[in-house]
Amino acid sequence: MILQRVANWIANEVIVKSLARSELFQRMAVKTHQHVQTFSKEGTKHFETIKSSEATQKAQEVIGEHVETAKTFGSSFFRNIKAEYKKLEEEGRRMQK
């Protein structure tokens, strides 16, 4: 039990430090932040216009466009996380040898 906790702690340290040094992960974090900020600004900007029925129609179109962008971003984000995880696993294996 204690050995497992120590192993988990060490693994977490390696993962966190590797991600902190990873340019790919840093770029991905910046992109994520930018997308969140963009969606937030767009939502605030269009809040008043959505109140009318005509504006609601337009908002549904805009949301549909952003949903596709979010899906693309999400799948790309997941692929990048998977790739980084594999790199970290390989690095962990090399460190154990």
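Through side-chain heavy atoms spaced under 4.5 Å, either directly or across other Ile, Leu, Val, Met, Phe, Trp or Tyr residues, I15 is tied to L19, F25, M28, F73, F77, I81, L88. Think of V16 as one node in a network of Ile, Leu, Val, Met, Phe, Trp and Tyr side chains linked at under 4.5 Å; it has no links at all. Side-chain contacts under 4.5 Å among hydrophobic residues (ILVMFWY), followed directly or transitively, place L24 with no other residue at all.
For OH of Y85, the number of neighbouring non-hydrogen atoms (other residues, nucleotides, ligands) closer than 6.0 Å is 12 at most.
Screening residues 21-39 for side chain to side chain donor-acceptor pair (under 3.5 Å) gives S22-E84 as the qualifying pairs, with residues at least two apart or on separate chains. Sequence neighbours left out, not one pair with a member in residues 62-71 passes side chain to side chain donor-acceptor pair (under 3.5 Å). Among residues at least two apart or in separate chains, side chain to side chain donor-acceptor pair (under 3.5 Å) pairs with a member in residues 4-19 are S18-E91.
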